[in-house]
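Working notes, structure below.
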Amino acid sequence: NRIKDKANNSMKFSELELEPEVFDGLDAMNFVEMTPVQEHTIPVILAGRDIIGCAQTGTGKTAAYTLPLLNRLTIEGNPDNVVKSLIIVPTRELAQQIDMQFQGFSYFLPVSTTVVYGGGDGKGWEVQKRGMLMGADVVIATPGRLIAHLTNSGVDLSHVECLILDEADRMLDMGFSDDIMKIISYLPKERQTIMFSATLPPKIRELARTILNDPAEVTIAVSKPNEAISQSAYICYESQKLGIVREMFAEPKDTKTIIFSSSKQKTKELAHVLKRMKFNVAAMHSDLEQSQREEVILNFKNNKVDILVATDIVARGIDIEDIGLVVNYDVPHDPEDYIHRIGRTARAAATGAAVTLVCQEEQGKFHRIEKFMEREVEKTPLPESVGEGPAYTPEAFERKGRGGRSGRSRGGAKRGRGRSDKPRGEGKKATPAPEKVTSPEKAPVKATAPEGTPAVKSQEGGTQRRRHRGGRQHRRKPANATPQE
């Protein structure tokens, strides 16, 4: 049991009993210290115990289950080419984000994932179907789309050893309760089940009693943005965003600035516009080699670059103390991303500003961020040069209905290969009340972690498979490595 009871003494990832290849991924992504939710859940999950975690977005909960899962998959392998692990999430955006984190952590591992969500064309359906039938180590799916495949594609989930429900309360709010129970009926009773939820209302506790076996319970208080950050937003049309950026930077800024964009194409376009305005600007996105990214970050730290335009996945762990302005060119998908983005400024007792450009379609997402922070972000009038913008009526744009069931996208790909098999865990029984332990840092953490670590195995979704690259000293850093603060 590695759970620590020392206040303000974060546990380091190096203290965990993980496989060398998993440590390679952590080193490449610059993950050093664990967040409270990681510190209190990873040892429990490594020990093979069922767990229910109450943690808001922004607490590092995704890594809290992906790392133990990768470790288990590394030990076990997948010689039978079956689906070994299943992660159920409410939306395609979350499915995509989890898959991206798997890509970073599993770069040195023979692991594959398949991402399954709705929308797109027939080609996307076939890619998802092929990935699952070929035996993805990890399937990341929205409930509705997965049920469609279970009904029509002959997908076999009878070998799943680890089930993870992420944002369980949101899935129930979206009406997925029956779908979740139907999916679980396809799974073996002998499995490890992990459930994360932002809240623990009675319906979540009832679900936990139904599907978890003697679970540990961990509760972590939510962290809010630094009060030293001045937050504001422009309510605009998508077509006005570029003009707003031009006006914002019409005069040189006396501080470092990061502009976050949702796609590498927008990142390139923004960098091009600002370069034409004679700014020292650099773009950082997934088309750059790792050496190029490191050079960009070094130039940014050394003031050779004043404005960094970046996508989330490559800039998530930028650790520079004198950033004065963060601009969200697109509204982040959820509060976790928003907090991570604006948290780049106002460090080391400094102050900073965060500006978000909110188009009509993004008003619902931005309003959810405001509700999460329990504060209303100041709305700044648009510059005269861009014209009038829309009214801020977020209620008209709130996501409704069964979002994960019909998300619009194309599905995942499958890549990687597994190795050897090991026996699965023990059978499920009626669920007694969970044990409770208190987290000294944030909020009560309930649970103790038994000893012993079961094996697990993982996969990702492309039609191509990666092989292990050999010794630790010969491995290169992944191109999409993203450091953690």
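All residue numbers refer to positions in the sequence shown, counting from 1.
- For the pair Leu172 and Phe176, the minimum side-chain heavy-atom distance is 4.5 Å or more.
- Residues Ile51 and Val218 form a side-chain contact, since some pair of their non-hydrogen atoms from C-beta on lies under 4.5 Å apart.
- In this structure, Thr345 contributes its side chain and Ile323 its backbone to a donor-acceptor pair below 3.5 Å.
- At least one donor-acceptor pair under 3.5 Å links the side chain of Gln192 to the backbone N or O of Arg49.
- Residue Asp254 qualifies as open at atom CG: its count of foreign heavy atoms under 6.0 Å is 12 or below.
- Note: Tyr338 and Phe366 have perpendicular aromatic rings, judged against thresholds of 30 and 60 degrees for the angle between ring planes.
- Between the side chain of Gln38 and the main chain of Gly60, a donor-acceptor pair closer than 3.5 Å is present.
- A donor-acceptor contact shorter than 3.5 Å links the side chain of Asn302 to the backbone of Leu298.
- Residues satisfying the salt bridge (Lys or Arg N to Asp or Glu O under 4.0 Å) criterion with Asp330, sequence neighbours excluded, are Lys241, Lys266.
- Checking side-chain atoms of Asn299 against main-chain N and O of Lys304 turns up no donor-acceptor pair under 3.5 Å.
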Legend entry - Ile164/Ile88 under side-chain contact (heavy atoms from CB on, under 4.5 Å): CA gap, chis, key distance, verdict: CA-CA 6 Å; Ile164 298 168; Ile88 305 176; over 6 Å; no
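- No donor-acceptor pair under 3.5 Å is formed between the side chain of Asp169 and the backbone N or O of Ser197.
- Going from atom OG1 of Thr114 over to atom CG of Leu86 covers 11.5 Å, rounded to the nearest 0.5 Å.
- Between Val377 and Thr356, the closest side-chain pair of non-hydrogen atoms is not below 4.5 Å.
- In this structure, Gln231 contributes its side chain and Val355 its backbone to no donor-acceptor pair below 3.5 Å.
- Gln128 places a side-chain N or O within donor-acceptor distance of the main-chain N or O of Tyr117, the cut-off being under 3.5 Å.
- The pair Lys61-Asp166 counts as a salt bridge, with a side-chain nitrogen and a carboxylate oxygen less than 4.0 angstrom apart.
- Side-chain contact between Ile184 and Leu163: present, with at least one pair of heavy atoms (C-beta onward) separated by less than 4.5 Å.
- Remark: Asp306 pairs with Asn280 by the side-chain contact (heavy atoms from CB on, under 4.5 Å) rule, at least two apart or across chains.
- Residues Ile45 and Pro68 come closest through the heavy atom pair CG2-CB, 3.4 Å.
- With hydrogens and angles disregarded, no donor-acceptor distance shorter than 3.5 Å links the side chain of Asn328 to the backbone of Pro332.
- At least one side-chain heavy atom of Leu274 sits under 4.5 Å from a side-chain heavy atom of Val309.
- The two residues Ser158 and Pro188 make their nearest non-hydrogen contact at O-CG, 3.5 Å.
- Using a 4.0 Å cut-off between charged side-chain N and carboxylate O, Asp287 and Lys268 make a salt bridge.
- Between Cys162 and Leu69, some side-chain heavy-atom pair lies under the 4.5 Å cut-off.
- Closest of all the heavy-atom pairs between Ser85 and Val160 is CA-CG1, 4.3 Å.
- Not counting sequence neighbours, Tyr329 has no partner by the ring pair (Phe, Tyr, Trp, His ring centres under 6.0 Å) test.
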Inset, instruction - Test ring-ring contact (aromatic ring centres under 6.0 Å, His included) on Phe13 and Phe23 and set out the steps. - result: CA-CA 8 Å; Phe13 284 103; Phe23 278 124; 8.7 Å; no
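- Between Val326 and Thr257, the closest side-chain pair of non-hydrogen atoms is not below 4.5 Å.
- Under the rule for a salt bridge (Lys or Arg N to Asp or Glu O under 4.0 Å), the partners of Lys203 that lie at least two apart in sequence or sit in another chain are Asp173.
- In terms of heavy atoms, Ile42 sits closest to Ala64 at CG1-O, 3.4 Å.
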Inset, instruction - Would you please test Glu161 and Arg191 for salt bridge (charged side-chain N to carboxylate O under 4.0 Å, His left out) and show each step? - result: CA-CA 5 Å; Glu161 298 180 358; Arg191 65 174 188 272; over 6 Å; no
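- Here the closest non-hydrogen pair linking Ile229 and Ala353 is CG2-C, 4.3 Å.
- In summary, the side chains of Lys189 and Asn213 do not present any donor paired with an acceptor at a separation below 3.5 Å, with no hydrogens or angles considered.
- Side chain of Thr91 to main chain of Leu94: a donor-acceptor pair is present (N/O by atom type, distance under 3.5 Å, no hydrogens or angles).
- In this view, Phe196 and Tyr65 satisfy the ring pair (Phe, Tyr, Trp, His ring centres under 6.0 Å) rule, not counting sequence neighbours.
- Shortest non-hydrogen contact noted between Phe108 and Gly25 is CD1-N, 3.6 Å.
- A salt bridge links Lys12 with Glu33: the distance from a Lys NZ or Arg NE/NH1/NH2 to an Asp or Glu carboxylate oxygen falls below 4.0 Å.
- Put simply, the side chain of Ile259 reaches to within 4.5 Å of the side chain of Leu270, judged on heavy atoms.
- Residues passing the side-chain contact (heavy atoms from CB on, under 4.5 Å) test with Gln265 are Ser263, Glu269, sequence neighbours excluded.
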